[in-house]
Amino acid sequence: MNSRRRFLKLSGVLASFPALSNLGFASTASNNNSSAPIGKAGKPLVVSTWEHGMPANKVAWEHLQKGGLAIDAVEAGVMVPEADPNVMTVGYGGYPDREGRVTLDACIMDHKQNCGSVAFLENIKHPIAVARKVMDNTPHVMLVGEGALDFAKSEGFKEENLLTEKAKALWQTWKKDPSWPPQINIENHDTIGMLALDKKGNLSGACTTSGASFKMRGRVGDSPIIGAGLYVDNDIGAATATGMGELMMKTVGCFSVVEIMRQGASPQEACEEAVSRIAAKLDDYRQYQVGFLAINKRGEVGAYAIQSGFNYALQNSSGSQLIDARSKLA
Ligand code: SD4
């Protein structure tokens, strides 16, 4: 379901979820989304942005429950929506840019602060796997565009057309009246950011997207930028972001969330503070969407967005669940 439809669907409905005690959450604090849990989900644990995080978490969980590393879990997990043409905001089948080209951004970070990233990558279905190779097999953190593609091919990745007929048709319709600004607001976003805490207590994260639909050619968002769309500090916690990447880039959003946790805030408090800082600097924050999802070393979870409708998938030993994030706007 695209975000606009989900937004409309959820804006009037506070989805009801099974008892929070099923997942071991401690409490539900007061705010405008009463279904949003705060608290401890334990270890191991995986969380992901949006509904497409549910099947992604399932794959990540297979690694985590066997005692696998969080870094392997998040890489394998986010490859699920990357390969799914029905998820039109990540990987294969993603919305193209204004020129009709699908360009992908992704990054990955482990518990030792190793990280890898690719941006403006074309024709490779699994940018997260290329980002992992950048992390493991190069002295660099980030490769972009043609260089990232050349590197991917040298690592054995095959080039393929990522523009599906469905995405092409939507782009052709958009082109007839291309007035939609190249902005992510409340309508066109759905990156997957995934965070995991493994049995050994190590944290890792991954983030992958096709970015803003019909963006300017060459536009790169927050998702491949360490600190903006993803950040992991194994002493503290991890955060990932969704929504209008430019706002996360201007504020180094996910780094902020982790730093706020370092000062003693819970993941929920940290996400709320980071969103509030962004909103405070905007002339009219109601025009935008940003959302953060965070976990800490103790297996506590938090999420917060400007707009309602942001949700996240959580899987731990008690099961899996799709949870409404709290939001600044009802
Ligand atoms: C971007 N932040 O490229 C991404 C898009 C997104 O949920 O998050 N979608 O700006």
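In each ligand, atom 1 is the first atom listed, and ligand 1 is the first ligand listed.
For the pair Asp105 and ligand 1, the shortest N or O to N or O distance does not fall below 3.5 Å. For Gly245, a nitrogen or oxygen atom sits less than 3.5 Å from a nitrogen or oxygen atom of ligand 1, counting backbone and side chain alike. Residue Gly243 places at least one N or O, backbone or side chain, under 3.5 Å from an N or O of ligand 1. Backbone and side-chain nitrogen or oxygen atoms of Thr209 are examined, and none is located within less than 3.5 angstrom of a nitrogen or oxygen of ligand 1.
Checking Thr251 against Lys281 by side-chain atom types alone, no donor-acceptor pair falls below 3.5 Å. With 3.5 Å as the limit, one finds no donor-acceptor pair spanning the side chains of Glu300 and Ser266. With no hydrogens or angles considered, a side-chain donor-acceptor pair links Gln268 and Glu272 at under 3.5 Å. If you check the side chains of Gln113 and Tyr231, you find a donor sitting under 3.5 Å from an acceptor. Of the N and O atoms on the side chains of Ser223 and Asp105, not one donor lies less than 3.5 Å from an acceptor on the other residue.
Residue-ligand proximity, Asp222 to ligand 1, at heavy-atom distances under 4.0 Å covers atoms 1 (C), 2 (N), 4 (C), 10 (O). Counting atoms of ligand 1 from 1 in the listed order, those under 4.0 Å from a heavy atom of Thr191 are 2 (N), 4 (C), 5 (C), 6 (C), 7 (O), 8 (O), 9 (N). Residue Ser223 has at least one heavy-atom neighbour below 4.0 Å for each of these atoms of ligand 1: 2 (N), 4 (C). Residue Gly211 approaches ligand 1 through these ligand atoms, each under 4.0 Å from one of its heavy atoms: 3 (O).
At a threshold of 4.5 Å between non-hydrogen side-chain atoms, the residues Ile124 and Val118 do not count as touching.
Of all the listed residues (Leu247, Asp190, Thr89), Asp190 holds the heavy atom that lies closest to atom 9 (N) of ligand 1. Across Met249, Arg219, Lys215, heavy-atom proximity to atom 10 (O) of ligand 1 is greatest for Arg219.
Connection of Ile295 to Met261 is established within a shared hydrophobic cluster, with ILVMFWY side chains joined at heavy-atom distances below 4.5 Å, either directly or through further cluster members.
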